[in-house]
Amino acid sequence: RGVRLTPGELMGGIASRSESGAVAATPGIGNLLRNRADEGVESLNRAAWNEALAPMGRRYALPDDTRMGHEAMREATDIFSRRYARVVPRMTAQLDNQLIGDIAGISRALPQSVRPQFADAMRRYVDDIFDQNTGVVDGRGLQHTLEGLRKEARNLQTAQNSNAYDRDLGEALNALRDRIIDSAGRYTPQRTMTAFNNIQRAYRNFTILRQASSSTAAPSGVFSPTQLHAAVRSSDKSAGKGAMARGQDPLQELSDAAK
């Protein structure tokens with residue numbers, strides 16, 4: 001994948017640990033090895049970003065001159081903004097019987113005390129956006145709904161003062177967003193949905209790299225193999241981390257090889 005390793009890392013085990021000791025003991029060689037290690041982390045970051053954005057196609061990769069860290073994060077965020085703005089307006093969804101049933105199920109699964117907040121979100125993102133007569137929402141309205149639900153759910157789940165009820169509501173809003181996307185799949189041309197689903201796959205990868213980059217141990221936004229592995233593991237919401245145990249998590253092959 002183009003990740004540069006030091007000689008010790010290539011050999012692994014005792015050789016790698018011996019090389020770490022050489023860094024401390026031999027100034028000249030130590031500087032050389034530290035520089036090579038920095039290059040390895042840099043190339044790991046670039047390989048991770050290339051793999052993360054790959055579902056959207058090569059034309060949406062980061063420019064070759066993008067600096068890893070905060071600049072890469074800003075550039076990737078801009079790429080997603082442009083892609084969503086181009087694809088989602090070509091989609092449409094409808095408040096059909098399937099979606100109505102799905103929404104009712106999401107609401108019933110919530111604690112009683114959270115349902116009023118869910119109903120308020122429904123008013124803001126569905127009732128006020130979908131056509132009252134036909135139940136149809138056009139691409140622009142759909143873009144507003146999907147983006148609003150994503151941001152509100154993330155805020156509820158990641159705020160420092162969030163509680164269990166906030167997280168329940170955040171999960172419900174994510175579920176609502178997913179069910180609206182399912183509705184779009186029933187009414188949107190297949191080619192457009194394929195492009196959208198590819199954006200979704202890439203965005204899931206992006207959230208892993210965003211978490212790795214935001215680690216307190218990565219102040220410049222350049223993440224280490226350990227930070228990437230931790231972010232991949234944290235992203236696995238399957239029972240007992242089963243997806244990771246099976247080697248099926250996004251970016252896991254790269255993080256396993258690099259750690």
Side-chain angles (χ1 to χ4, degrees), residues 49-62 75-110 118-157 169-210 235 237-238 243 248-251:
W49 278 113
N50 287 342
E51 184 169 328
L53 300 177
M56 293 189 293
R58 291 177 59 87
R59 64 184 294 191
Y60 300 107
L62 294 181
E75 182 67 34
T77 300
D78 186 55
I79 289 172
F80 279 110
S81 294
R82 295 197 306 268
R83 285 299 289 152
Y84 275 118
R86 182 173 179 82
V87 173
V88 178
R90 303 204 303 265
M91 297 166 59
T92 188
Q94 185 170 339
L95 192 62
D96 56 13
N97 290 335
Q98 178 67 56
L99 181 53
I100 291 171
D102 291 339
I103 293 170
I106 295 169
S107 180
R108 283 195 302 269
L110 282 170
F118 181 75
D120 178 65
M122 273 291 302
R123 177 187 59 76
R124 290 181 285 116
Y125 295 119
V126 177
D127 296 344
D128 290 351
I129 305 300
F130 285 59
D131 186 276
Q132 294 297 305
N133 296 317
T134 64
V136 172
V137 60
D138 64 15
R140 294 296 178 186
L142 188 60
Q143 185 176 9
H144 171 82
T145 292
L146 297 182
E147 181 69 6
L149 287 171
R150 182 184 66 79
K151 287 183 177 179
E152 189 162 333
R154 183 166 184 261
N155 289 339
L156 285 164
Q157 293 177 307
L169 179 57
E171 289 180 9
L173 296 186
N174 275 329
L176 173 60
R177 185 179 187 274
D178 289 343
R179 300 294 76 78
I180 291 173
I181 290 171
D182 289 344
S183 172
R186 296 192 287 273
Y187 298 97
T188 298
Q190 184 59 48
R191 182 174 179 180
T192 300
M193 281 307 300
T194 297
F196 177 79
N197 289 333
N198 288 339
I199 298 172
Q200 292 287 90
R201 288 173 54 210
Y203 191 81
R204 184 183 177 192
N205 297 339
F206 168 81
T207 62
I208 295 173
L209 299 190
R210 180 177 61 194
S235 73
K237 306 303 182 185
S238 61
Q248 296 175 337
D249 277 336
L251 302 177

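Computed from a prediction, not measured in an experiment: that's the story for all the values here.
With S107 contributing its side chain and I103 its backbone, the two residues share no donor-acceptor pair below 3.5 Å. R123 contributes no side-chain N or O that, together with a main-chain N or O of A119, makes up a donor-acceptor pair within less than 3.5 Å. A side-chain donor-acceptor contact under 3.5 Å links T207 to the backbone of R204. Of the possible polar contacts, none joining the T92 side chain to the T188 backbone as a donor-acceptor pair under 3.5 Å is found.
Summarising the geometry of A52 relative to L209, their closest heavy-atom pair is CB-CD1, 3.7 Å, with the distance given to 0.1 Å. In plain terms, the two heavy atoms of L99 and F130 that are nearest each other are CD2-CE2, 4.5 Å. When every heavy atom of A153 is checked against every heavy atom of N174, the shortest pair comes out as CB-OD1, 3.4 Å. Of all non-hydrogen atoms in I79 and Y60, the two that sit nearest each other are CD1-O, 3.4 Å. Closest non-hydrogen pair, Q94 versus T134, comes out as NE2-O, 3.7 Å. Shortest non-hydrogen contact noted between I180 and A93 is O-CB, 4.1 Å.
Going from atom CG of L173 over to atom CD of E152 covers 5.5 Å, rounded to the nearest 0.5 Å. Distance check: M193 CE to M91 CE gives 4.5 Å after rounding to the nearest 0.5 Å. Separation of atoms CG (N205) and CG (L251) is listed at 4.5 Å; rounding is to 0.5 Å. Between atom CG of residue L53 and atom CZ of residue R201 there is a gap of 12.0 Å, rounded to the nearest 0.5 Å. Atom-to-atom distance recorded for R154:CZ and L156:CG is 12.0 Å, nearest 0.5 angstrom. One finds the CG atom of D178 at 12.5 Å from the CZ atom of R150 (value rounded to the nearest 0.5 Å).
In this structure, Q132 has no side chain to side chain donor-acceptor pair (under 3.5 Å) partners at least two apart in sequence or on a different chain. For the side-chain contact (heavy atoms from CB on, under 4.5 Å) test, residues two or more places apart in sequence or in another chain that qualify with Q200 are Y84, R177, I181, F196.
Judged purely by distance below 3.5 Å, without hydrogens or angles, the side chains of Y203 and R83 never pair a donor atom with an acceptor atom. D182 and Q98 form no side-chain donor-acceptor contact under 3.5 Å, judged by distance and modelled atom types alone.
More than 12 heavy-atom neighbours from other residues, nucleotides or ligands sit within 6.0 angstrom of CG on D120.
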Output a table of donor-acceptor pairs, distance under 3.5 Å, between side-chain atoms of residues 135-144 and any protein atom two or more places apart or on a different chain; print 'none' if there are none.
| unit_1 | atom_1 | unit_2 | atom_2 | d |
| --- | --- | --- | --- | --- |
| D138 | OD1 | R140 | N | 3.3 |
| D138 | OD1 | G141 | N | 2.9 |

